[in-house]
Amino acid sequence: MSITFNIRYLKNFVNQNDFWQMEEKVKAAHKMIHSKKGIFEKNIGWLDLPVNYDRKELEKIKTYAAKIRKMCDALIVIGIGGSYLGARAAIEFLNSHNYNLFQENCPHIFFVGNSLAPSHIYEIMDLCEKKRICINVISKSGTTTEPAVAFKIFKDFMEKKVGTDEARKRIFCTTDKNKGILRSIADKEGYESFVIPDDIGGRFSVLSPVGLLPIAVSGANIDEIMLGALEASQKFMQCDLEKNDCYKYAAARNILYKKGKIIELFSAYTPRFSMLLEWLKQLYAESEGKEQKGIFPTSAMYSTDLHSLGQFIQEGSRIFFETSLTIKNEERDITLKTDNENSDGLNFLGGQNLSYVNKMAYEATALAHYDGGVPGIEIQIDRNSEKELGELLYFFEKSCAISGLILGINPFNQPGVEAYKKNMFALIGKPGYEDLRNDILNRLRQ
Ligand code: PA5
């Protein structure tokens with residue numbers, strides 16, 4: 001087993017009866033997604049993706065990833081939300097949150113299109129000034145403003161560097177097969193493109209070309225990721241709350257929510273997990289936060305945040321539960337030394353591995369939080385490698401879908417995201433938004 005799930009720190013908060021009461025809802029949710037009918041038909045492609053993904057497209061991804069690795073010193077990945085977080089989370093999980101600092105003979109990977117701040121765009125352009133670059137622009141709808149603006153800027157940057165013809169060979173689009181402005185641009189300009197399956201929404205798309213192309217450029221073995229996801233899809237298939245940890249997690253979240261735990265704190269003990277926690281926040285927030293319902297997902301990186309958020313977690317409002325992600329086997333370790341004078345008072349740790357100290361920090365924290373009234377769910381991952389990653393991503397995708405259905409919302413849409421977009425379109429003068437623009441300007445003048 002590459003990931004282990006444990007609910008010993010739910011004991012004071014959740015009992016067997018709570019789980020029994022959830023059983024029918026879990027069964028109904030299982031039936032709904034596995035029937036792939038109704039509102040789910042258009043959004044359920046991720047469910048069987050590890051089994052029936054497009055083999056040809058995967059080979060194409062590997063071929064182009066190898067080409068991109070040779071062609072450039074920097075890959076600029078343009079995307080936002082589900083078109084960005086999965087790839088970045090995976091690359092950092094498998095390598096380091098300092099990934100770029102370690103790359104000497106293969107491309108740096110920069111992520112843009114997730115911020116409109118000129119300083120951010122300038123920084124990446126400055127960093128790429130002397131580099132050979134490639135661009136992978138990712139947008140399922142092909143119309144999202146932030147990546148569209150970033151693409152406009154970086155296309156121009158690239159064309160000035162190498163000319164229009166060479167730029168054509170260096171721009172790769174990941175988008176819908178037929179729809180959207182990005183698809184039209186790709187077809188018109190002759191850019192190489194990768195298809196996002198129609199029935200896979202943004203935040204469920206990491207195992208499609210959306211995530212896999214940048215991940216493959218980082219040098220990761222994407223076959224292994226798909227294999228891990230395949231094993232997970234088999235392991236978490238059974239509709240049995242006792243045996244299916246993925247469903248148990250979804251049920252536990254809903255039990256806790258009903259008991260007033262309205263915030264889920266995802267925590268980890270290694271900075272390599274930072275972006276994975278960001279991916280989780282998006283997955284759960286966009287899927288569940290609807291109809292005035294849902295668990296608000298947030299995150300903490302330990303030990304860092306034990307010295308900032310720790311006080312609140314231990315003794316503040318008792319409105320959250322904690323889902324901790326830990327690593328069983330660290331790739332590298334450090335053995336602590338003793339010194340003759342014991343001048344730092346740490347000789348008692350002499351001969352101990354640092355990973356042991358980190359593990360004890362975890363055990364100590366989980367227990368303290370539990371004693372302080374914070375229910376805890378533990379997810380232990382064997383190691384930071386591709387197969388484990390595939391399993392983990394699938395575990396969370398499926399539990400999110402089941403959890404959202406237990407909650408009684410549609411986990412696959414995100415109608416609330418439109419509100420800010422409409423206001424922004426009006427304010428930046430997009431044609432068709434004139435009336436809203438006048439309304440907003442009047443309100444801002446008041
Ligand atoms: O999960 C989602 O659907 C969203 O977060 C989208 O991924 C995000 O809004 C980006 O959309 P697009 O890929 O269409 O540019």
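All values reported here derive from a predicted model rather than from experimental measurement. Numbering of residues begins at 1 and proceeds along the displayed sequence. Counting starts at 1 for both ligands and their atoms, following the listed order.
Remark: minimum distance from atom 11 (O) of ligand 1 to any protein heavy atom is reached at Thr144 OG1, 3.5 Å. Annotation: atom 7 (O) of ligand 1 to nearest protein heavy atom, Gly82 N, 3.0 Å. In this structure, atom 8 (C) of ligand 1 lies nearest to the protein heavy atom Ile80 O, 3.6 Å. With hydrogens left out, the protein atom closest to atom 3 (O) of ligand 1 is Gly202 N, 3.5 Å, a heavy atom. Atom 5 (O) of ligand 1 has Gln282 NE2, 2.6 Å as its closest protein atom, hydrogens excluded (heavy atom only).
Those atoms of ligand 1 with a heavy atom of Arg203 less than 4.0 angstrom away are 1 (O), 2 (C), 3 (O). Close contacts between ligand 1 and Glu286 involve ligand atoms 1 (O), 2 (C), 4 (C), 5 (O) [criterion: under 4.0 Å to a heavy atom]. Of all the atoms in ligand 1, the ones that sit under 4.0 Å from a non-hydrogen atom of Lys140 are 12 (P), 13 (O), 14 (O). The Ser141 neighbourhood of ligand 1 comprises atoms 12 (P), 14 (O), 15 (O), with distances under 4.0 Å to a heavy atom of that residue. Listed by number with element, the atoms of ligand 1 under 4.0 Å from a non-hydrogen atom of Ser83 are 7 (O), 12 (P), 13 (O). Near Gln414, meaning under 4.0 Å from one of its heavy atoms, ligand 1 places the atoms 3 (O).
For Lys140 and Asp176, the salt-bridge test fails: no basic side-chain N is under 4.0 Å from an acidic carboxylate O. The pair Lys62-Asp223 counts as a salt bridge, with a side-chain nitrogen and a carboxylate oxygen less than 4.0 angstrom apart. For the pair Lys160 and Asp156, the salt-bridge criterion is met [side-chain N within less than 4.0 Å of a carboxylate O]. Salt-bridge annotation for Asp198 and Lys179: present, with a side-chain N of the basic residue lying under 4.0 Å from a carboxylate O of the acidic one. Using a cutoff of 4.0 Å between basic side-chain nitrogens and carboxylate oxygens, Arg437 and Glu434 are not scored as salt-bridged.
The presence of a protein heavy atom under 4.0 Å from atom 15 (O) of ligand 1 is confirmed.
A donor-acceptor contact closer than 3.5 angstrom is absent between the side chains of Glu264 and Tyr284. Arg253 and Thr323 are not linked by any side-chain donor-acceptor pair at a separation below 3.5 angstrom, with hydrogens and angles left out of the test. Between the side chains of Ser403 and Glu288, at least one donor-acceptor pair of N or O atoms lies under 3.5 Å.
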